[in-house]
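These numbers come from a predicted model, not from an experiment. Order of the sequence lines sets the chain letters (A, B, ...), proteins ahead of strands, with each chain counted from 1.
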Amino acid sequence: MSLHLYNTLSRSSEEFVSLTPGKAGIYLCGATVQGAPHIGHIRSGVNFDILRRWLTHLGYEVTFIRNVTDIDDKILQKAEVEGIPWWAVAMKYEQAFSWAYSRVNVLSPTYEPRATGHITQMIELMQTLIDNGTAYAPGNGDVYLNVRSLKSYLTLSNQKIDDLLSAGDAEDSFKKDPRDFALWKSAKPGEPSWPTPWGDGRPGWHLECSAMAHTYLGAEFDIHGGGLDLIFPHHENEIAQSESAGWGFSKIWMHNAWVTASGEKMSKSLGNSLLVSEIVQRVRGIELRWYLGSAHYRSMVEFSFEALEETAVNFRRIEGFLARATEILNEEPGLLVSLDFTAAMNDDLAVPTALAGISELVRDGNTALSSLTFGDEAGQKEIARIAAEVRGALAILGCDPFDPTFAMDKPAATDAMDGLVKLALAQRESARARKDFATADAIRDQILELGILIEDTPAGSRWTLAR
RNA sequence: GGUGGAGUGGCCGAGAGGCGAGGCUCAGGACUGCAAAUCCUGCCACACGGGUUCAAAUCCCGUCUCCACCUCCA
């Protein structure tokens with residue numbers, strides 16, 4: 001089966017046919033840099049990173065744009081609170097996001113545009129919309145989109161305009177209709193602003209994504225992604241602006257579900273302990289990624305530390321197999337992508353199904369490892385094949401243990417430490433040889449207290465860090 | 001009020017008419033000097049009430065519970 005993806009627009013799974021053969025353009029709504037990233041933000045990054053890696057594996061040349069919205073009401077508020085300029089707030093949290101993305105091995109986008117770098121494009125878009133009558137400037141410096149003038153609206157969220165609850169503050173505004181939304185907001189005293197033909201001001205929330213997607217991906221592109229909660233109003237308004245400008249815009253809309261805590265969506269108050277910076281104190285980045293990536297992207301992930309730990313244990317089993325296979329083979333496994341994995345991924349990125357296949361492969365691999373006899377070339381080949389299929393799958397999911405990105409998670413695995421542990425192991429070995437098990441076990445216990453696990457194998461003892 | 005989603009074994013979590021996804025935990029076994037790691041066996045679940053069908057977790061009708069979006073949101 002070829003790649004099929006669920007399109008929010010049609011509420012069904014559709015075959016992916018790119019606009020330009022061999023190429024794929026993706027626009028992902030990135031962060032509004034107003035605070036530190038929690039694991040929900042990062043989940044979105046991981047989900048779409050997996051999509052990107054899969055498309056790349058399938059042979060597409062992927063242009064992946066993930067924006068940074070670096071001007072907005074909350075950033076200005078935060079600047080007040082923190083007593084630093086708004087642009088310093090934006091930079092601070094943009095860097096926090098970059099750090100978090102890198103900890104979970106999310107690839108850098110092809111380009112990462114900032115809203116404030118695209119004011120010119122936004123003004124051009126507004127001019128187009130005003131010229132063709134879909135937008136209006138009431139004279140106070142604001143620019144609004146007239147939603148009643150649209151041929152279609154709310155096609156993504158499948159709502160009727162009159163069913164929407166009306167905005168609370170609509171009465172005293174310059175809007176023609178309460179549902180009209182701001183493309184541009186006039187500057188209040190002390191706020192940053194940019195000059196436009198309609199007055200000094202700053203972008204409304206939605207305009208930047210239309211302008212930037214158009215700049216880097218063109219009038220029409222393949223996939224637009226983001227969190228479920230962006231469907232309305234953000235993505236509806238992007239569609240409204242872009243289609244009114246005559247752009248085809250995105251063919252497929254993909255939305256990731258969120259991470260919940262105690263059954264509820266993470267809000268700021270709940271999210272404090274779930275900052276990426278906190279979680280990676282508990283588990284390694286690769287384990288956090290495994291956790292966030294292992295649920296289907298359209299399913300809610302109910303966060304708990306227990307589930308996180310459990311998933312980490314599951315990952316270590318897979319990792320342990322690859323480590324043992326590497327020792328036996330005397331080289332890093334290759335990278336193969338199996339037919340089962342391909343079938344699962346092609347079915348709207350069915351990672352959980354793919355994971356079941358990986359678990360079965362690992363079991364077969366462990367069995368092959370334990371039944372391997374000296375000089376068994378067929379057995380070695382089998383182990384090499386299985387290890388390569390496991391590693392190949394992990395690599396697509398961004399969790400390849402051999403990926404240098406994760407090297408920082410193994411700080412203690414230096415040659416010096418290896419030498420010291422082996423020294424102790426040699427002493428234990430000689431104690432075992434003379435059947436002095438009390439001494440042998442004492443050595444093992446002492447090493448364990450330092451956080452090092454000992455496994456005795458027919459080929460001798462091996463050690464790993466316990467974590 | 002409108003729109004969308006969810007309810008699966010001790011726990012997590014897939015599947016969407018027909019042979020027990022998978023993981024974690026736990027119990028037993030194999031291996032081991034003892035462990036660890038690994039493998040094997042066991043734990044036959046689908047919110048509730050009806051219906052359709054040879055066959056329903058899956059389809060239909062109804063009910064209950066929970067969550068989300070409706071101009072701050074990943």
Side-chain angles (χ1 to χ4, degrees), chain A residues 8 11 28-32 34 37-48 72-74 77 147 154 157-170 178-182 204-206 225-234 236-237 255-260 263-268 291 294-296 298-302 304 306-318 320-321 324 344 350-360 362-367 369-371 432 435-438 440-441 444-445 448 453-458 461-464 466:
Chain A
T8 306
R11 310 268 170 191
L28 174 63
C29 283
T32 299
Q34 49 158 1
H38 59 62
I39 56 176
H41 295 121
I42 284 317
R43 181 192 183 184
S44 182
V46 167
N47 286 156
F48 285 97
D72 115 300
D73 291 355
K74 288 210 166 172
Q77 287 169 19
V147 296
L154 308 178
S157 58
N158 194 26
Q159 298 177 101
K160 294 193 178 75
I161 194 163
D162 292 310
D163 290 340
L164 299 179
L165 298 176
S166 55
D169 62 343
R179 278 81 176 191
D180 289 352
F181 61 90
W205 176 29
H206 318 293
L228 208 52
D229 42 4
L230 296 181
I231 292 176
F232 184 87
H234 187 54
E236 291 288 14
N237 290 350
H255 294 94
N256 65 278
W258 43 71
V259 179
T260 57
E264 293 181 352
K265 184 182 175 187
M266 265 197 267
S267 64
K268 288 249 156 38
Y291 176 69
S294 60
H296 187 89
R298 288 192 284 118
S299 297
M300 304 288 168
V301 170
E302 167 64 17
S304 71
E306 291 73 22
L308 177 65
E309 282 294 340
E310 176 186 300
T311 310
V313 167
N314 168 236
F315 183 73
R316 285 170 210 157
R317 171 171 164 264
I318 298 167
F321 161 67
R324 287 189 294 278
V351 175
T353 306
L355 255 42
I358 294 172
S359 284
E360 285 164 9
V362 168
R363 193 184 56 222
D364 294 346
N366 279 325
T367 302
L369 274 175
S370 57
S371 64
R432 289 178 74 200
K435 302 221 185 292
D436 179 2
F437 297 120
D441 290 353
R444 184 172 64 198
D445 292 346
L448 180 62
L453 289 175
I454 304 300
E455 291 169 33
D456 295 333
T457 75
S461 301
R462 61 189 296 272
W463 67 274
T464 48

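Side-chain N/O atoms of D456(A) and base N/O atoms of C34(B) include a donor-acceptor pair closer than 3.5 Å. A donor and an acceptor atom sit less than 3.5 Å apart, one in the side chain of R444(A) and one in the base of A35(B). Between the base of G33(B) and the side chain of D441(A) there is a donor-acceptor pair shorter than 3.5 Å.
The side chain of E310(A) lies closest to C24(B), out of A14(B), U71(B), C24(B). Closest to the S359(A) side chain, of the nucleotides G22(B), A74(B), A37(B), is G22(B). With distances taken from any side-chain atom of N314(A) to the nucleotides G23(B), G22(B), G4(B), the minimum falls on G23(B). You'll find that the side chain of H206(A) is closest to U71(B), out of U71(B), G22(B), G4(B). In the set A74(B), A37(B), G4(B), G4(B) carries the atom at the smallest distance from any side-chain atom of R11(A). In this structure, the nucleotide among G33(B), G22(B), A74(B) sitting nearest to the side chain of T32(A) is A74(B).
One P atom belongs to C39(B), the other to G22(B), and the distance between them is 13 Å to the nearest Å. Nucleotides G23(B) and U38(B), compared at atom P, are 12 Å apart to the nearest Å. Look at the P atom in both G13(B) and G7(B): the space between them is 10 Å, to the nearest Å. Here the separation of C64(B) from A45(B), taken at their P atoms, is 27 Å to the nearest Å.
Within the 3.5 Å criterion, the main-chain N or O of A257(A) finds a donor-acceptor partner in the side chain of R43(A). S44(A) places no side-chain N or O within 3.5 Å of a backbone atom of H41(A) that could act as its donor or acceptor partner. In terms of modelled atom types and a separation under 3.5 Å, the side chain of E236(A) and the main chain of S157(A) share a donor-acceptor contact.
Using a 4.0 Å heavy-atom cutoff across all strands shown, R432(A) reaches at least one base atom of the nucleic acid. Using a 4.0 Å heavy-atom cutoff across all strands shown, H296(A) reaches sugar-phosphate atoms only and no base atom. Contacts of G226(A) with the nucleic acid, taken as non-hydrogen atoms under 4.0 Å apart, involve only primed sugar atoms and P, OP1 or OP2. In this structure, N237(A) reaches the bases: a heavy-atom distance under 4.0 Å links it to at least one base atom across the strands shown. Within 4.0 Å of E309(A), counting heavy atoms only, lies no atom of the nucleic acid at all. Counting non-hydrogen atoms under 4.0 angstrom, E302(A) reaches the backbone sugars and phosphates but no base.
Under the Watson-Crick and G-U wobble criteria, each requiring two contacts below 3.5 Å, nucleotide U32(B) is left unpaired. Remark: A68(B) base-pairs with U3(B); criterion is Watson-Crick or G-U wobble with both hydrogen-bond distances under 3.5 Å. Summarising the base pairing, G22(B) is matched to C12(B) through a Watson-Crick or G-U wobble pair whose two defining distances lie under 3.5 Å. Base pairing annotation: A45(B) forms no Watson-Crick or G-U wobble pair, as no partner gives both donor-acceptor distances under 3.5 Å.
Residues A182(A) and V362(A) each lie close to RNA chain B; by heavy-atom proximity, the contact nearer the 5' end of the strand is made by V362(A). Comparing A356(A) and S370(A) along RNA chain B, the residue whose closest nucleotide (by nearest heavy atom) sits nearer the 5' end is A356(A).
Looking at M300(A) and L228(A), their side chains come closer than 4.5 Å, going by heavy atoms from C-beta outward. With contacts defined as side-chain heavy-atom distances shorter than 4.5 Å, the pair D456(A)/R432(A) qualifies. Residues R462(A) and R324(A) meet the side-chain proximity criterion, which asks for heavy atoms closer than 4.5 Å. Two residues are said to be in side-chain contact when any heavy atoms from C-beta on lie closer than 4.5 Å; E310(A) and S304(A) fail this criterion. Between T260(A) and V301(A), the closest side-chain pair of non-hydrogen atoms is not below 4.5 Å.
Of the listed residues (V362(A), I358(A), D364(A)), just one forms a side-chain contact (heavy atoms from CB on, under 4.5 Å) with F321(A), and that residue is V362(A).
Per the geometry, CG belonging to L453(A) stands 11 Å off P belonging to A36(B), to the nearest Å. Atom CD of E360(A) is separated from atom P of G20(B) by 14 Å (rounded to the nearest Å).
The shortest distance between the side-chain N/O atoms of N158(A) and the OP1/OP2 oxygens of G4(B) is below 4.0 Å. In this structure, R363(A) reaches the C40(B) phosphate: one of its side-chain N or O atoms is under 4.0 Å from OP1 or OP2. Taking 4.0 angstrom as the limit, N366(A) places a side-chain polar atom (N or O) nearer than this to OP1 or OP2 of C39(B). OP1 or OP2 of C39(B) sits under 4.0 Å from a side-chain N or O of R317(A). Proximity of S299(A) to the phosphate of A14(B): a side-chain N or O atom is located under 4.0 Å from OP1 or OP2.
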Filtered N/O pairs between nucleotides 66-69 of chain B and protein, under 3.5 Å:
unit_1 : atom_1 : unit_2  : atom_2 : d
C69(B) : OP1    : K265(A) : NZ     : 2.9
C69(B) : O2'    : F232(A) : O      : 3.3

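Minimum interatomic distance between C29(A) and L230(A) (heavy atoms only, all atoms of both residues): CB-CD1, 3.7 Å.
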